[in-house]
Structure formats: C-alpha cells, structure tokens
Amino acid sequence: MQRVFFSLLLLLLSTFCFAQNTVSISGTIRGNALDSIALGNTKVAIGANGSFSFKPQLQKPQYQTLTYGQEAVELYLEPGKSLLLSFDGNNFPLSLRYSGELAIVNQYLLQQKDINQQVQQYLSQHWGALFSKQEPAFIATLDSLRNLYLKPLNDLLYKDRSLHPWFLTQQRTDLTYPFDRWLLMYPEVHRRYTGQTVSLSPKSEAHLYKADLNDPRLLEFESYKDFVRDYLYQIVQQEFITHVDKKGMDNKWLYAAFKTVPRVIKNRPVQEFWLYDYMYRHLEDYGVKNIDSLYTAFTSLVRNPAYRNTIKEMYEQQKQEREKMLSRVYREVDGHKLLAFITQPEDLKKGERRPAMVYVHGGSGNMGKPDWHFTNSPHGFVSIAVEYRLRDRQGTLPPEQVSDIRAFFRWLRQHADELGIDTSRIVASGNSNGGFLLLNAAMAPPQLVQKLQASAAVAATSGDVATTSAAKKGEELNPAPNAVILQAAGFDATVNNWWDKYVSDQALVQQVNPTEHVRAGLPPMLVIHGTEDQSVPYSTAKAFVEKMEAAGNPIEFLTLEGSPHHLWAIPYFNNQAKAKQEAWLRELGYIK
C-alpha cells in the first residue's frame with residue numbers, strides 16, 4: 001500500500017497540457033442486425049457491411065461507454081489516438097477484439113474487469129469473515145487481493161512505456177484507496193461482527209495519516225473521494241460527540257462538518273469541494289428542514305459558482321416541495337417539532353373515511369427524510385410520510401425513534417376524523433430501519449421502550465401515552481398500524497449494529513429485537529427481502545417469518561432472489577415488490 005509512485009505521477013500530470021484532439025474509434029460487426037451503435041450520448045448508423053466510426057473531440061483521456069443493443073462495454077480513449085474494434089453481433093461484448101494504438105490498454109481493462117468481478121464475489125461471500133480476522137491477517141488478505149490487480153498493471157507497464165500519466169494516476173488511485181478505505185473501516189466493522197473493540201496498529205495509523213487531503217487533482221477520482229469521505233467521517237464524528245451533540249440542536253452532523261472541514265483541509269478549492277459535498281449529501285439524505293443558517297454559512301465559505309448554483313437549486317426546490325405539502329406537528333420533544341406530511345386524495349369528500357398508507361423511511365437510524373415518500377396513492381388512500389428523530393440530526397438512537405413512531409400512530413388515531421382516515425385500515429410501510437421501527441412500535445411492550453430510553457441516557461419524553469379524553473378514561477390509543485409492509489427491514493438488533501456502543505446495558509439490545517416479541521394476535525404483515533442483502537441478512541427475515549407463522553400470525557413472505565439491500569432502487573426488484581404489495585392489500589380488502 002505504498003504511495004511513493006503518486007508523487008512522480010502527479011508531477012508528470014501537473015506538467016502535461018491537455019489540448020483538444022480527435023479520437024478515432026472505428027469497427028466492423030459480423031452478423032449485424034441493428035441500425036445503430038452508440039458511444040456515450042452519440043449514436044451513429046451502422047453501414048451495410050457492418051462498419052461504424054466515431055471521431056469525438058477530447059481534451060484529456062476519459063472512459064466512454066460503447067452500447068450495442070442491450071449490451072455495453074467501457075472503452076478507454078485518449079486524444080489523438082485510434083482504437084479499432086471488431087465483434088460478432090450475436091455475441092457482444094464477449095467476442096470483442098481490439099487493435100490500434102489503444103488496444104493494449106483496453107485489453108488490460110477487460111482483464112481488470114474479470115478480476116474485479118472475482119474480487120466482488122469473494123467479498124460478498126466473505127465480508128464478515130474478512131473483517132472478523134485480526135489486523136495482521138486482515139491486512140495480508142487485502143494485500144493478496146490488491147496483488148491480483150497489480151500483476152496485470154505491471155505487465156502493462158512492461159509492454160507499453162507510453163502510457164498516459166492520467167491513466168497511470170487513475171489506475172494507481174483505484175488500486176490504493178479502496179484498500180486503504182477498508183483498513184480505515186476495520187475497527188468499527190470488526191466490532192460489529194465480533195463484538196471486540198480494537199484500534200489500528202501504529203503502523204496502520206501512520207500509513208493512513210500520510211493520505212494527501214489537499215491535492216485538488218485527486219478529486220477527479222471517485223475511489224479517492226470515497227476514502228476521504230470515510231477519513232473525514234471519523235474526524236467529524238469526534239467533533240459531533242465532543243462539541244455539538246447538545247440537546248435540542250438540529251442538524252448536528254452538518255454543523256460538525258462545517259467546523260471540521262476548514263480546520264483539517266487548507267487548500268481552498270479542496271476545502272470548498274468538501275463543504276459542497278457535505279451540503280449536497282445533507283440535502284439528499286436529510287433534507288432542508290432547519291438549515292437556513294447553515295445555508296448562509298455555505299454561501300459565505302464557498303465561492304465556486306458551480307457548487308453555489310447546484311446547492312441553491314436543491315435548497316429552493318426542496319423548500320418549495322415542503323411548502324406545498326399539508327403538514328402537521330404530531331409531537332414536540334426535546335425542542336424538536338416532528339412533522340407528518342399528509343397527501344389526501346383529490347376526490348376525498350367531507351366526512352368520508354379512507355385507508356391510510358403510512359411511510360416510515362429507512363436510513364439505519366442515522367439518516368433519511370420523509371420527502372422520499374411524498375406521493376399520491378394510486379388506490380385513493382390518504383398517504384402520510386413520517387419524520388422522526390435521527391442520530392446525525394438530533395443525536396437520538398433507535399429506542400427514542402421507536403417512541404416517536406408509537407407517538408405518531410397515537411396522534412394519527414386521535415386526528416383520524418379531520419384527516420379522513422378509517423382507523424381500522426391503517427397500513428404502514430417501512431424500508432430498512434423504518435421497518436425495524438414499525439415492528440417495535442407494533443410489538444415491543446411500552447415498559448421495554450422506556451427501559452431502552454433510560455439505557456441510552458435519554459430522558460423519558462411525552463407522546464408515547466395518549467393524552468386525549470378517551471385515554472384519560474383508560475382507553476389507550478393503539479400505537480400500532482393495522483397492517484405492516486416490511487422491505488429489507490431489520491429483525492435482529494445484534495446484526496450490523498452501529499448503536500449498541502452507545503447503550504450502557506447490552507442485554508437491552510437483544511430485547512429490542514422484534515423476533516423476541518413475537519406473540520399471537522399481531523397485525524398482518526408482508527415481508528419482502530432479498531437473498532443478497534448484505535446489510536440485513538436474509539436469514540434474519542426468514543427466522544422472523546417462521547416464528548410469526550408458528551405463533552399463528554397472518555404473514556406473507558416474498559423472497560427476491562439476488563436482490564441486495566436497496567431493493568426499491570432497482571426497477572426489476574421494485575416492480576416485483578409493488579405487484580406483491582397490491583395483491584396483498586386486495587387480499588386484506590383494503591383495495592377493491
């Protein structure tokens with residue numbers, strides 16, 4: 001994991017003048033049956049003899065995607081150089097052959113692609129075992145994986161002494177920083193899988209400390225930016241815990257980042273990039289609520305017009321979207337006003353009662369925003385997106401978040417008449433952590449919620465017990481929905497748990513597991529889970545479903561073969577999930 005090579009490469013790169021020049025890409029297709037082929041956004045016709053040609057103007061080397069029919073391959077291109085292609089139209093890209101000045105480099109990239117697929121397959125199968133190793137064995141495994149990539153690169157360097165400095169820098173970056181990133185992650189991921197708290201050795205710490213955080217040229221490479229994000233994360237977290245983790249304060253993580261970045265990064269363009277990156281990701285992952293002062297700070301610290309314009313557009317658009325929504329404060333706790341965003345059907349008549357679809361967003365309890373679920377119901381339901389407190393915004397842990405969700409359902413039942421909701425048909429859908437919170441809201445005994453709050457050093461808050469006149473008469477409002485949809489939900493709080501280190505009584509972590517509270521009489525549930533979910537293992541979903549069935553509860557289980565955790569982000573899996581949800585709601589009689 002040496003970085004000595006970088007100083008020479010960056011010196012070469014800094015003296016290289018990028019001049020616009022033509023690249024020639026041409027080829028022939030045997031057995032062609034299509035009219036056109038595309039390079040990036042440019043589409044050209046294929047001749048009667050199967051020939052095609054592109055002549056893009058480039059200022060510097062870059063990668064572009066060649067698309068033929070439904071298949072695609074990435075090509076490396078350099079200004080002033082040529083690449084000749086030939087392939088069988090019935091077997092693209094497996095039959096692809098290269099010739100010309102860029103042939104050796106592109107053949108090397110195909111070899112690296114195969115290696116990358118092998119490494120990714122290994123990691124998907126051995127991720128937990130890899131991070132469970134002790135540090136020397138862990139580093140030895142990383143070095144072995146990295147050497148798989150280095151041998152073809154060294155062979156390429158031997159064959160072609162004219163490789164472009166930009167290409168070499170990009171390759172060395174991609175073969176250095178992903179592995180450094182895993183080393184940086186090692187203590188925390190090791191703790192999650194083994195329960196052992198460890199620190200990196202002085203040698204590893206010194207190696208990571210040498211990372212250059214102030215070179216703007218490296219910002220071009222995603223693998224480098226991913227590493228620096230994780231590097232800064234640890235420094236920002238210390239600022240978060242030490243200085244800004246105060247009760248009643250919102251958007252704590254962004255405040256900590258805005259304090260940390262100018263202190264750690266001194267190069268002004270690089271500093272502005274990371275301030276932009278933090279603001280951009282905050283708007284994407286947390287939203288616009290209560291960030292006016294931080295937005296003002298951003299505009300005063302960042303001069304880059306592209307960064308400023310992008311953030312301004314996002315900021316104003318999100319504010320406008322929220323202002324259009326009907327919102328209600330469902331709970332005030334620790335100085336925070338928690339909102340429910342309601343979308344009523346246009347044809348809802350006064351006095352009419354409709355089913356409600358409640359969305360509880362995911363995000364591991366660290367991040368997320370109700371804005372992800374601002375939507376009209378295709379079935380005429382009243383749609384509600386729920387806001388709850390988060391670790392990175394308000395400094396809360398899942399036990400407090402469960403309390404928020406229980407308070408919401410009590411509030412919803414209390415205000416059902418004015419919102420046009422049938423309280424016998426309240427469906428709740430939760431992705432990932434949202435599903436975990438819904439399960440605990442529906443299943444965890446109230447005294448357990450209070451114990452967990454106390455263990456997390458959180459004062460008991462109002463809202464988990466109804467204060468309506470009905471409740472005063474002893475009729476407690478139900479803090480749970482009537483039916484639950486769970487997508488890649490959390491079922492076992494001891495698996496991949498990031499927050500147990502903040503809870504003083506570790507026995508209580510096990511008690512918050514929904515599986516521990518399965519009993520007869522629970523609401524009907526639909527569980528949707530992917531077999532390749534690395535965040536929430538498929539086995540935990542299967543065990544939960546089996547226990548629910550044994551207790552006689554109505555539950556259906558949709559297994560998505562090959563789906564990762566974020567199944568809703570992949571149309572192929574999301575379409576299957578939506579079809580199953582609709583069929584299930586029809587079975588329940590919620591959809592006619």
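Count residues from 1 along the sequence. Quantities reported herein were computed from a predicted structural model and do not represent experimental measurements.
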Is any side-chain heavy atom of [X] closer than 4.5 Å to a side-chain heavy atom of [Y]?
X	Y	value
Tyr76	Gln62	no
Phe54	Leu66	yes
Leu157	Leu163	yes
Gln107	Leu156	no
Ser563	Glu532	no

key: N/O donor-acceptor pair under 3.5 Å between Asn267 side chain and Val270 backbone   =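 Indeed, once roles are kept as given, a pair shorter than 3.5 Å links the two residues.
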inquiry  = Run Asp180 and His207 through side-chain hydrogen bond (donor to acceptor under 3.5 Å, both in side chains) and show every step you take.
reply    = CA-CA 9 Å; Asp180 283 359; His207 169 76; 2.9 Å; yes
For residues [X] and [Y], report the shortest heavy-atom separation together with the two atoms involved.
X	Y	answer
Tyr538	His529	CA-CD2, 3.8 Å
Tyr98	Leu85	CD2-CD2, 3.3 Å
Tyr224	Asn214	OH-N, 4.3 Å

Inspect the contact between [Y] and [X] and indicate whether a charged nitrogen and a carboxylate oxygen are less than 4.0 angstrom apart.
X	Y	result
Asp285	Lys369	no
Lys60	Glu78	no
Lys578	Glu582	no
Arg229	Asp226	yes
Asp155	Lys159	no
Glu284	Arg281	no

message = Quick one, Asn32 with Tyr68, criterion side-chain hydrogen bond (donor to acceptor under 3.5 Å, both in side chains). Give me CA distance, side-chain angles, the key distance, then yes/no.
response = CA-CA 10 Å; Asn32 173 57; Tyr68 179 75; 2.7 Å; yes
ask   = ring pair (Phe, Tyr, Trp, His ring centres under 6.0 Å) with Phe227: which of Phe179, Phe221, Tyr177?
value =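 Answer after filtering Phe179, Phe221, Tyr177: Tyr177.
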Can a donor-acceptor pair be found between the side chains of [X] and [Y] at a distance below 3.5 Å?
X	Y	result
His565	Ser432	yes
Tyr276	Asn304	no
Gln317	Glu321	yes
Tyr122	Gln118	no
Ser364	Asn366	no
His190	Gln196	yes
Trp253	Gln237	no
Ser201	Ser204	yes

Inspect the surroundings of [atom1] in [X] and state if more than 12 heavy atoms from other residues, nucleotides or ligands are less than 6.0 Å away.
X	atom1	value
Lys203	NZ	no
Asn575	CG	yes
Lys542	NZ	no

key: Intermediate values then yes/no, side chain to side chain contact (heavy atoms under 4.5 Å, CB included), Gln170 and Leu175   = CA-CA 9 Å; Gln170 181 263 325; Leu175 296 184; over 6 Å; no
Parallel, tilted or perpendicular: rings of Phe87 and Phe52 (30°, 60°) =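 Aromatic pair Phe52/Phe87 classed tilted.
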request  = Tell me whether the centres of the aromatic rings in Tyr186 and Phe138 are closer together than 6.0 Å.
outcome  =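 Yes: the rings meet the under 6.0 Å criterion.
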